[in-house]
Amino acid sequence: MFVQKALYLIIPILGLFSCYKSPSSNHYFVPDFMKQDTIQLSNTLFFIGPEMDTAKMEISAPCDCCASYLAFVNDSVFVYESLCLEGDDYFKGTYFKYRSLIFLKFDPLIVSSTHYPGVDLETTWEKENSVTFYSRLNFSTLNSEWVISAGDKENMDYGMCNQMGSARSYLFKLKSEGIWDRMELSNELK
């Protein structure tokens with residue numbers, strides 16, 4: 001009986017230590033068995049929207065602010081861009097994949113651009129700190145294509161890999177436009 005009660009106390013404590021954040025690192029510790037997977041997301045780009053045509057195998061986003069890009073920069077860092085007509089928001093964070101799930105940890109830094117379609121004004125940039133937040137994506141394949149999804153039955157978003165171009169060219173575009181430096185990602189892309 002004592003052993004059983006002790007296990008009920010020890011197991012939650014071990015769970016807390018498994019999320020230990022090293023003081024010298026900006027990444028949370030993830031046990032090795034959770035990292036083992038045959039699919040590598042590094043250097044992949046997903047276009048995300050609320051509608052997926054499974055016959056044509058493409059994503060559509062027919063509304064303002066409902067499209068985005070999710071780029072997996074390397075084995076632990078991602079960049080997320082939320083697209084709107086009058087401005088875009090850029091997020092960065094860390095991730096890990098476990099079986100058919102991808103866990104995203106968004107850093108609090110948000111870089112926003114404001115642009116004026118049809119008006120000859122320069123794009124303005126803003127940096128702000130928000131809160132750290134987390135998201136979980138479902139990962140699957142459909143007709144040999146990688147698909148991610150998130151949401152509930154009423155508000156589901158879908159993403160397909162490499163539908164809108166290569167991750168490498170997308171990341172270099174962010175770098176050439178100065179977004180990379182604004183997001184403080186200078187060491188992440190070689």
Side-chain angles (χ1 to χ4, degrees), residues 34-107 110-119 123 125 133-180 182-183 185 188-190:
M34 293 183 80
K35 294 180 186 175
Q36 296 173 0
D37 202 331
T38 57
I39 297 188
Q40 298 298 314
L41 293 173
S42 178
N43 198 30
T44 57
L45 175 67
F46 287 85
F47 180 69
I48 300 171
E51 298 175 9
M52 181 170 67
D53 185 336
T54 56
K56 294 180 182 177
M57 293 303 294
E58 62 184 31
I59 302 295
S60 63
C63 49
D64 189 25
C65 299
C66 66
S68 56
Y69 289 110
L70 176 60
F72 294 99
V73 179
N74 57 33
D75 291 335
S76 62
V77 175
F78 71 88
V79 173
Y80 180 85
E81 178 184 5
S82 175
L83 304 166
C84 293
L85 289 176
E86 294 181 1
D88 302 323
D89 292 325
Y90 300 87
F91 303 83
K92 67 177 180 174
T94 56
Y95 76 95
F96 73 92
K97 184 175 177 310
Y98 177 63
R99 296 188 181 167
S100 64
L101 299 173
I102 303 169
F103 296 92
L104 305 176
K105 176 188 172 217
F106 287 81
D107 288 351
I110 302 171
V111 174
S112 300
S113 69
T114 303
H115 42 86
Y116 308 93
V119 179
T123 298
W125 295 93
F133 61 96
Y134 302 85
S135 183
R136 184 188 80 199
L137 306 174
N138 298 308
F139 178 86
S140 60
T141 57
L142 180 64
N143 297 336
S144 302
E145 297 287 332
W146 291 359
V147 176
I148 55 175
S149 60
D152 54 32
K153 290 181 181 179
E154 289 82 33
N155 296 312
M156 186 66 79
D157 281 332
Y158 305 93
M160 292 189 69
C161 186
N162 293 331
Q163 180 179 338
M164 302 302 280
S166 79
R168 203 70 153 153
S169 62
Y170 172 77
L171 296 173
F172 277 114
K173 178 181 102 46
L174 294 182
K175 196 169 188 177
S176 69
E177 292 176 358
I179 299 164
W180 200 258
R182 286 181 178 93
M183 293 180 65
L185 281 165
E188 301 299 338
L189 185 64
K190 305 289 186 232

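- When atom types are taken as modelled, the side chain of Asn155 and the backbone of Gly151 share no donor-acceptor pair closer than 3.5 angstrom.
- Here the options are Phe72, Phe47, Phe139, the test is ring-ring contact (aromatic ring centres under 6.0 Å, His included), and the partner is Trp146; only Phe139 passes.
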Discussion item. If you apply the rule side chain to side chain contact (heavy atoms under 4.5 Å, CB included), what do you find for Thr141 with Val147, and how did you get there?
Written reply: CA-CA 6 Å; Thr141 57; Val147 176; over 6 Å; no
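- Nearest heavy-atom pair, Ser42 versus Asp75, reported as atom, atom and distance to 0.1 Å: CB-OD1, 3.4 Å.
- Here the closest non-hydrogen pair linking Cys161 and Thr44 is SG-CB, 4.0 Å.
- Annotation: side chain of Ile110 is in contact with side chain of Phe91 (closest heavy-atom distance under 4.5 Å).
- Atom CD1 of Ile59 sits about 11.5 Å away from atom SG of Cys66, to the nearest 0.5 Å.
- Atom CG of Asn43 is separated from atom CZ of Arg168 by 5.0 Å, given to the nearest 0.5 angstrom.
- Annotation: the span from Ile179 atom CD1 to Asp88 atom CG amounts to 7.5 Å, rounded to 0.5 Å.
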Worksheet item: Stepwise, does the side chain to side chain contact (heavy atoms under 4.5 Å, CB included) test hold for Leu101 with Leu137?
Response: CA-CA 6 Å; Leu101 299 173; Leu137 306 174; over 6 Å; no
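- In this structure, the side chain of Lys97 engages the main chain of Arg99 through a donor-acceptor pair within 3.5 Å.
- Closest approach of Tyr95 and Asn74 over heavy atoms only: OH-O, 2.6 Å.
- Listed for the Lys92 side chain is a donor-acceptor partner under 3.5 Å among the backbone atoms of Met183.
- Put simply, the residue from Trp125, Trp180, Tyr69 that forms a side chain to side chain contact (heavy atoms under 4.5 Å, CB included) with Tyr90 is Trp125.
- The two residues Phe106 and Ser135 make their nearest non-hydrogen contact at CE1-CB, 3.9 Å.
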Worksheet item: Hey, mind stepping through Asp89 and Ser112 against side-chain hydrogen bond (donor to acceptor under 3.5 Å, both in side chains) and telling me if it holds?
Response: CA-CA 4 Å; Asp89 292 325; Ser112 300; 2.6 Å; yes
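- In this structure, the side-chain contact (heavy atoms from CB on, under 4.5 Å) partners of Glu145, at least two apart in sequence or on a different chain, are Met57, Met160.
- Nearest heavy atoms, Lys105 versus Tyr134: CG-CE2, 3.4 Å.
- Ala61 approaches Ala67 most closely through the heavy-atom pair CB-CB, 3.4 Å.
- Asp64 CG to Leu83 CG: the interatomic distance, rounded to the nearest 0.5 Å, is 9.5 Å.
- Heavy atoms from other residues, nucleotides or ligands lying under 6.0 Å from CD of Glu86 number 12 at most.
- For the pair Leu70 and Ile148, the minimum side-chain heavy-atom distance is below 4.5 Å.
- Taking 4.5 Å as the limit, some side-chain heavy atom of Glu51 sits within range of a side-chain heavy atom of Pro62.
- Residues Tyr80 and Ser68 have side chains that bring a donor and an acceptor to within less than 3.5 angstrom of each other.
- Contact of the Leu174 side chain with the Val79 side chain is registered, since non-hydrogen atoms from C-beta on lie closer than 4.5 Å.
- Put simply, OG on Ser149 and CD1 on Ile102 are 9.5 Å apart, with the number rounded to the nearest 0.5 Å.
- Here the CZ-CG distance, from Phe133 to Asp107, works out to 9.5 Å after rounding to the nearest 0.5 Å.
- With sequence neighbours excluded, the residues that form a side-chain contact (heavy atoms from CB on, under 4.5 Å) with Asp53 are Ala55, Lys56, Glu58.
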